[in-house]
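What follows is a short report on a single structure.
Atoms considered below: every heavy atom in the structure, side chains included; atoms not considered: hydrogens, waters and symmetry mates. Positions are given from 1 along the sequence. We count ligands from 1, going down the list as the structure has it; atoms in each ligand are counted the same way.
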Amino acid sequence: MERKNFCKNPIIRSIYTADPAPMVSGDTLYLYTTHDEDELIKDFYTMFDWRCFSTRDMVNWTDHGRIFSLDDIEWADDRAWAPQAAERNEKFYLYCPVHKKDGGMAIAVGVSDRPEGPFKDLGHPLIDEGDWNDIDPTVFIDDDGQAYLYFGNPELRYVLLNEDMISYDEKTGIVKVPMTEESFAKGSHDTGTSYGEGPWFYKRNGLYYMVFAAFAENVHQEHLAYSTSKSPTGPWKYGGVLMTEEGGCFTNHPGIADFKGHSYLFYHTAELPGGSLFHRSVCVAEFHYNEDGSIDTVPKCEGIEGI
Ligand code: FUB
């Protein structure tokens, strides 16, 4: 029987979605996602656009459709991968990894006057190091107004965004975070740590959190883990596993938001009919912080109560 006032996982059932990125603006939670196409090209991720959904009660969702796509980015040709959005000075910024026409991955920025888009590309990449590390941006504006954009697979890197949110402090440049076991635990990804990709950066009660998709030793499926720091630029201290390998697909991807007094972890699985590592679906779980700011492992769940 359908439960009333209950948001059943996966949240979105009309299309395959992945890489959830929640953003709260006013009394609404906006959920930006990637979109796994039904028909695969070369049996790989086939992803051309970004989608947006919104809710005021975590149960009833409005589908805003395609809000930004590769067609809007003249210099990109493939891989519309994991985005994150930010609001500043009444404008909205969507940071998106893409594959460039001239090769390699880079991070694009779409700008809009409205959270639900449509977004307009800057016309050039924001981050373009010419290597494949330039994916999975996560953005956070600190209380002092400094905005940070972290990103990367297999290394975690960051830039200090300028107030315009579409450029960064070139003097500081692109900073490489030391990939140590103390920061990210021993694991099986390329740096020898568990840090894989999909960072999600935020602050709560004065403590900075870096949640990420991780590879345990000898395990070829991602789990979610987190590290914390007393400063926005580290050093990071490994905190533990946030979600074990779940949901039947190789990747997972965290998105965290506090909304109307509740804390939510968005993630993805392959649980819709026809699901696979290239046909994923966005889910949500409610969780709680311990007194000291630590987080216990969050079980994958059937869904959440509405608010
Ligand atoms: O969805 C494409 C890529 O897979 C993302 O950028 C990664 O985080 C992983 O979910």
Side-chain angles (χ1 to χ4, degrees), residues 10 12 15-22 31-38 40-51 68-70 73 76-85 94-100 104-110 125-127 129 131-139 149-157 184 187 189-191 194-201 210-215 219-226 242-243 245-256 265-272 275-284 300:
I12 313 301
I15 55 170
Y16 295 113
T17 56
D19 305 319
L31 180 63
Y32 301 88
T33 74
T34 53
H35 171 208
D36 287 336
E37 296 286 338
D38 291 2
L40 296 183
I41 298 172
K42 296 192 182 148
D43 210 18
F44 191 59
Y45 296 104
T46 305
M47 304 167 71
F48 304 137
D49 59 9
W50 296 273
R51 301 296 178 118
F68 196 35
S69 91
L70 294 176
I73 307 173
D77 63 359
D78 201 0
R79 302 190 185 174
W81 283 4
Q84 191 178 340
L94 191 65
Y95 299 87
C96 301
V98 289
H99 182 266
K100 292 185 298 169
M105 296 295 290
I107 296 175
V109 192
L126 171 66
I127 308 286
E129 299 175 280
D131 68 22
W132 282 76
N133 203 74
D134 296 350
I135 69 166
D136 292 2
T138 177
V139 59
L149 187 91
Y150 275 89
F151 58 93
N153 172 352
E155 288 180 12
L156 185 61
R157 300 176 185 171
F184 303 110
H189 206 37
D190 298 8
T191 61
S194 77
Y195 175 84
E197 57 183 356
W200 187 270
F201 179 45
M210 189 67 68
V211 181
F212 52 94
F215 292 94
V219 180
H220 300 289
Q221 185 181 347
E222 290 178 344
H223 65 276
L224 302 181
Y226 77 99
L242 191 60
M243 177 173 272
E245 295 83 1
E246 301 273 11
C249 61
F250 171 70
T251 61
N252 198 346
H253 193 103
I256 303 254
L265 166 65
F266 292 84
Y267 58 101
H268 66 226
T269 67
E271 280 174 1
L272 268 192
S276 72
L277 77 164
F278 301 129
H279 293 114
R280 300 161 292 176
S281 297
V282 166
C283 296
V284 64
K300 175 175 136 330

Exercise. Does ligand 1 have an atom that lies less than 4.0 angstrom from a heavy atom of Glu222?
Worked result: no

Problem set entry | Heavy-atom proximity to atom 6 (O) of ligand 1, best of Asn252, Leu277, Asp136 | Asp136

Problem set entry | Element-labelled atoms of ligand 1 that are located less than 4.0 Å from some non-hydrogen atom of Met47 | 1 (O), 2 (C)

Exercise. Contact between Arg79 and ligand 1, counting heavy atoms under 4.0 Å?
Worked result: no

Problem set entry | Polar side chain donor-acceptor pair, Thr17 to Arg51, under 3.5 angstrom | no

Problem set entry | Full working for side chain to side chain contact (heavy atoms under 4.5 Å, CB included) between Trp50 and Asp19 | CA-CA 10 Å; Trp50 296 273; Asp19 305 319; over 6 Å; no

Exercise. How are the rings of Tyr195 and Phe212 set to each other: parallel, tilted or perpendicular (split at 30° and 60°)?
Worked result: tilted

For this session: Using only heavy-atom distances, determine whether the side chains of Asp38 and His279 contain a donor-acceptor pair under 3.5 Å.
Result: no

Problem set entry | Polar contact flag, side-chain donor to acceptor under 3.5 angstrom, Gln84-Thr138 | yes

For this session: Determine whether the side chain, the backbone, both or neither of Ala18 has a heavy atom under 4.0 Å from any heavy atom of ligand 1.
Result: neither

For this session: Quick one: look up the protein heavy atom nearest atom 9 (C) of ligand 1 and list residue, atom name and how far away it is.
Result: Glu197 OE2, 3.5 Å

For this session: Could you list which atoms of ligand 1 come closer than 4.0 Å to a heavy atom of His253?
Result: 8 (O), 10 (O)

Seminar exercise, completed: The closest protein heavy-atom partner of atom 4 (O) of ligand 1 is Arg280 NH1, 3.4 Å

Seminar exercise, completed: heavy-atom search around atom 1 (O) of ligand 1 in the protein gives Asp19 OD2, 2.5 Å

Exercise. Which of the atoms in ligand 1, numbered in the order shown and given with their element, are less than 4.0 Å from a heavy-atom of His268?
Worked result: 10 (O)

For this session: Answer yes if the ring centres of Phe68 and Tyr32 are under 6.0 angstrom apart, and no otherwise.
Result: no

For this session: Keeping the roles fixed (side chain from His223, backbone from Ala214), state whether a donor-acceptor pair exists under 3.5 Å.
Result: yes

